[in-house]
Amino acid sequence: LARVASELEFERLDADRIVFEEGDEGDKFYILARGKVEVITREGKRLAVLTDGDFFGEIALIDDVPRNATVKTLVPCLFLTLT
């Protein structure tokens, strides 16, 4: 646990920013420390809204596949990330 914690990095994004887009390379796992994001399809269909403590990005990182959805910030966000 200590080793993983030491490898986490902080990232901040303002509201209305793309975290990553569907089809992008999966190179990071995200923990949403503070904020709110939406998960959407290329067509703009909302799949989910994530808030404090939620995580995303694990599928593309574990399976080495492109991102399967777009994630966009709804408010300013603080993430913990792991590459």
query: Is L50 reachable from I40 through a run of I, L, V, M, F, W or Y residues, each pair having side-chain heavy atoms under 4.5 Å apart?
result: no

query: So, do P76 and L13 sit near enough that their side-chain heavy atoms are less than 4.5 Å apart?
result: no

query: Going by the angle between their ring planes, with limits at 30° and 60°, are F79 and Y30 parallel, tilted or perpendicular?
result: perpendicular

message: Check D27 with R67, please: is the shortest side-chain N to carboxylate O separation under 4.0 Å?
response: yes

task: Without swapping roles, check the side chain of D52 against the backbone of G35 for a donor-acceptor pair under 3.5 Å.
output: yes

task: State yes or no: do L47 and F20 share one hydrophobic cluster built from I, L, V, M, F, W and Y residues joined by side-chain heavy-atom distances below 4.5 Å, directly or via other members?
output: yes

Cluster check L78, F29: I/L/V/M/F/W/Y, side chain < 4.5 angstrom: yes

- prompt: Do P66 and D24 have side-chain heavy atoms sitting under 4.5 Å apart?
  reply: no

Carboxylate-amine/guanidinium proximity below 4.0 Å for E11 and K28: yes

- prompt: Hey, does the side chain of E22 reach the backbone of R42 with a donor-acceptor pair shorter than 3.5 angstrom?
  reply: yes

message: Is any side-chain heavy atom of V37 closer than 4.5 Å to one of V49?
response: no

- request: Establish whether L80 and L82 are linked, either directly or via other cluster members, by ILVMFWY side-chain heavy-atom contacts under 4.5 Å.
  value: yes

query: Is the backbone N or O of E38 less than 3.5 Å from a side-chain atom of R46, with the two atoms forming a donor-acceptor pair by type?
result: no

query: Hey, does V19 have a side-chain heavy atom less than 4.5 Å from the side chain of F56?
result: yes

field: Spatial distance of atom CG (D63) from atom CD (E58) [nearest 0.5 Å]
entry: 9.5 Å

message: Side chains of T41 and T70, heavy atoms from C-beta outward: is any pair under 4.5 Å?
response: no

query: Is a side-chain donor-acceptor pair under 3.5 Å present for E9 with T81?
result: no

message: Under a 3.5 Å distance rule, please check whether T73 uses its side chain to pair with a backbone N or O of R17 as donor and acceptor.
response: yes

field: Spacing of I31 atom CD1 and F10 atom CZ [to the nearest 0.5 Å]
entry: 10.0 Å

Minimal non-hydrogen separation, K36 against V75, with atom names: N-CG2, 3.3 Å

